[in-house]
Amino acid sequence: MSLVYRPARADDLAAADAMVVASINDLTVRHGFGPMATASPPNFQLFSLKDDPDGLWVAEDGGDILGFAWSWVCGDVWFLAQLFVDPARQGHGIGNTLLERTMEHARKSGAAHKVLITFTFNRVSQGLYMRHGLFPKTPIYVLSAARERVMQALPEAPLRAIAIDGSAAIMGKLVEIDAGALGVSRQKHHRYLLSDPATTGVMLCAGSDPVGYAYISSSGHIGPLAVMRPEILREAFATALRLAADRSTEMISAFVPGTCDSALGLAVDQGMRVTFPMLLMASRGYGDWKRYLPRNPGFM
């Protein structure tokens, strides 16, 4: 059978996720980190497929998915969520061809900025991305610790947290915060998160004034988190840590960019340790994340 590149369908996504998990674990094991990825329902992939099907592509041979590329667009930002190839078929140009398909998605959307998060040690992929105009911007550290360790000497939440209710006023404030922190509105992605029963979203308020937001998953993971001003990032992260610690979860984790030194300092003070290094790459003129903590490499 010949290799075929085609738009992804909904019934491809579970098999694509299994291939992605195998590819990630092959990479992380080879670099001494052990397996880190586990299969999960492809809910956000399905959301993206329904929202904008032009961003998802598969490479298929005889019914077997050998490669998967997935990108999404918000405003003038194009984000490459995943680009993975079956480990047994790497080095044969599949990844480059899939990247060309997703880059066409960026061109069609008119996006001014191209962005992705990749593994710091994945030098082959970084070279590929740089040839397409995306360059290293800042490291992102995956930090985690046992809940009991984080709770030791954890201050009371310095900001007031109120539930994100999806009202027009709250959604408008989220748009304002994201526009400042990311340069783009992510209203559709907030609605996706609010529909996830395993995730809780809160507005963070100084007195009665909303100054940021945070999402905390049932697993104890924090993110995304964004604030209106860099100087309140530590207080926002401290509040999110308190909310995560109040859950009955074993671990607490977060993705923290290297530019967010106040949040990194607090994480280390509370016993969180770097478990995995990642890297933000972007086209020129984008990537100053001082007010934003991403959720994961696919969601941003």
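Computed from a predicted structure; not experimentally measured.
- Checking Thr138 against Trp289 by side-chain atom types alone, no donor-acceptor pair falls below 3.5 Å.
- In this model, no donor atom of one side chain and acceptor atom of the other lie less than 3.5 Å apart for Asn43 and Tyr192.
- Ring centroids of Phe119 and Phe276 are separated by less than 6.0 Å, placing the two rings close together.
- Counting heavy atoms from C-beta on, the side chains of Asp209 and Met228 never come closer than 4.5 Å.
- A donor-acceptor pair is defined here as one N or O able to donate and one able to accept, closer than 3.5 Å; no such pair exists between the side chain of Asp86 and the backbone of Gly67.
- A donor-acceptor pair under 3.5 Å links the side-chain atoms of Gln126 to the main chain of Thr120, judged by distance alone.
- Side chain of Ser217 to backbone of Ala198: no donor-acceptor contact under 3.5 angstrom is found.
- Annotation: Arg247, atom CZ; neighbour count of heavy atoms from other residues, nucleotides and ligands within 6.0 Å is above 12.
- The ring of Trp78 has its center no closer than 6.0 angstrom to the ring center of Tyr286.
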Checklist entry - Should Trp70 and Leu49 be marked as a side chain to side chain contact (heavy atoms under 4.5 Å, CB included) after you check the CA-CA gap, both sets of side-chain angles, and the distance that decides it? => result CA-CA 9 Å; Trp70 161 31; Leu49 182 68; over 6 Å; no

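- Scanning both residues, Tyr292 and Pro257, for their nearest heavy atoms gives O-CG, 3.4 Å.
- A salt bridge does not link Arg191 with Asp51: none of the charged nitrogens is closer than 4.0 Å to a carboxylate oxygen.
- Counting only distance, with no hydrogens or angles, the side chain of Ser48 and the backbone of Trp72 share no donor-acceptor pair below 3.5 Å.
- Side-chain contact, His221 with Asn296: no donor N or O sits under 3.5 Å from an acceptor N or O.
- At a threshold of 4.0 Å, the pair Asp12-Arg6 counts as salt-bridged, since one of the basic side-chain nitrogens sits closer than that to a carboxylate oxygen.
- Scanning for side-chain hydrogen bond (donor to acceptor under 3.5 Å, both in side chains) contacts around His31 gives an empty result, with sequence neighbours left out.
- Here the side chains of Leu3 and Asp61 are in contact, with some heavy-atom distance below 4.5 Å.
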